Number of protein chains: 2
Amino acid sequence: MTVSERGPRERMVFSAAQLIRRDGVGATGLRDVVAHAGAPRGSLGHYFPGGKEQLVNEAVGWAGRYAGDRVARFLEEMREPTPSGLFAAMVRQWTDEFRGDGFASGCPVAAATVDCTSSAESTRAAVADAFACWSRPVSRALSAMGVPEARAASLATLMISTLEGAILIARSEQDSRALTTVVRELAPLLDGARTRDG
Amino acid sequence: MTVSERGPRERMVFSAAQLIRRDGVGATGLRDVVAHAGAPRGSLGHYFPGGKEQLVNEAVGWAGRYAGDRVARFLEEMREPTPSGLFAAMVRQWTDEFRGDGFASGCPVAAATVDCTSSAESTRAAVADAFACWSRPVSRALSAMGVPEARAASLATLMISTLEGAILIARSEQDSRALTTVVRELAPLLDGARTRDG
DNA sequence: GCACTATTATGACAGCTGTCATAGAAAGCC
DNA sequence: GGCTTTCTATGACAGCTGTCATAATAGTGC
């Protein structure tokens, strides 16, 4: 999760995502992003002629792709994949992170939703895209596990909704209780949706 | 939901909540709040010597109490209360609101979580309080419906988590799909938790 | 009438915001 | 070499932020 040897442009997008998920979009200044990325300030206008809005949109897109790609990883690490196991893995990523950083950072997509939905139409669309990039692999994975196509998409929405909300509660309480609770309560429902073995 | 004839102080708290849930905490200026409330600007420092942070905290507290009080209302309006019926009522409030304002406003408590958790400790505590004020009556209602005490609190957390997350997705998609989906998928789980009639 | 408090008015303050214009450096290419 | 494109540096800009000091006003009790 450290700043890699990628180009300055990519580093700025990555840093933006990190700062946004900690402080929100409004409180994240472009000068902060540049400093965090160790990038030249003069490059900002060069790489992001669309200004802050473009940078935020790319950070949101990056986060959505990241979350979607993680799903494949989770599946690989599971001997016999189950819906509840996938959800547990998705949640565990957050409990691990919270244990590491003391509940300092939440989800950048959620932050952009709260801060930009009603003021920046392009960001609103970027957020919707990010949720779709995240939801799609989850839905596919559920299908592969034996959940009927029709319900797979619904359960993916349920899983992501619940996770996002539990992240909010956990951060406010500075306690992962909400996360462990929802994974426990949702497990039987998720596994019960399978009509055949994956 | 219009500005009532209450005192300026109360109007400012209320206006702050409305603006925060639309634009986020960072993008909500104190001058905007004053203007929206039709309140005298000079009164800001008088009523809120703790500055913006105090105003935000009170707005969050107000929202939490509001959400908690609504639970009793929902129960009154139901002939025979069920867990799924309560959840449906909580969600319906949001689908109704979205239909009215075009997905312009989300939850002020979620906004404060995203924007202030890692920067303002007092606001973080106010948010946690708000979630507790909201969760408690839900949990009590579930108990009264026959859900065992131990699970009632967990299910309340699940309901609020899921609702908060679905609000985020719905706003980004400008579509209530996520909300109607989660209420449909969660219904059997909620009702199945009852071990006796309420 | 007075005295006291609660409320409001006004203006100024330093600090930060995103944006842009201009200039310069670097790197690749012919 | 020279030329072109990509990238970086620097500083300035107007606009807004939350906060505060000061003063005037209104209300209330006596």
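Quick caveat, the model's predicted, so the values are computed rather than measured. Lettering follows sequence order; numbering is per chain, from 1. Atom set for the values below is all heavy atoms of this structure, side chains included, hydrogens, waters and symmetry mates excluded.
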* Length of the line joining Q54(A):CD and dT19(C):C1', which is rounded to integer Å -> 14 Å
* Look at all strands and tell whether G51(B) reaches a base, only sugar-phosphate, or nothing, counting heavy atoms closer than 4.0 Å. => sugar-phosphate
* **Exam field: side chain S139(B) to backbone R136(B), donor-acceptor pair closer than 3.5 Å** => no
* Value in whole Å for how far the P atom of dC16(C) lies from NZ of K52(B) -> 15 Å
* Asked: For DNA chain D, whose closest nucleotide is more 5', that of R31(A) or that of Y47(A)?
  -> Y47(A)
* Whole angstrom value for the distance that separates P of dG18(C) from CZ of F48(A) -> 14 Å
* **Separation of dG18(C) P from M12(A) CE (nearest whole Å)** => 14 Å
* To do: Round to the nearest Å and state the distance from L44(B) atom CG to dG11(C) atom C1'.
  => 15 Å
* Specify the separation, in whole Å, of atom CZ of R41(B) and atom C1' of dA24(D). => 15 Å
* Asked: To the nearest angstrom, how far is L55(A) atom CG from dG18(C) atom P?
  -> 10 Å
* Roughly, in whole Å, what's the span from CD1 in I20(B) to P in dG18(D)? -> 11 Å
* Asked: Has the side chain of R41(B) got a donor or acceptor atom that lies under 3.5 Å from a matching backbone atom of V34(B)?
  -> no
* Asked: Looking only at side-chain N and O atoms, does S43(B) come under 4.0 Å of OP1 or OP2 in dT7(C)?
  -> no
* Asked: Is it true that E121(A) and R124(A) make a salt bridge, defined as a side-chain N closer than 4.0 Å to a carboxylate O?
  -> yes
* To do: Please answer whether the main-chain N or O of R92(A) pairs with a side-chain N or O of T95(A) as donor and acceptor at a distance below 3.5 Å.
  => yes
* Asked: Is any side-chain N or O of H46(A) closer than 4.0 Å to OP1 or OP2 of dC7(D)?
  -> yes
* Touch check for G29(A), heavy atoms < 4.0 angstrom, all strands: base, sugar-phosphate only, or nothing? -> sugar-phosphate
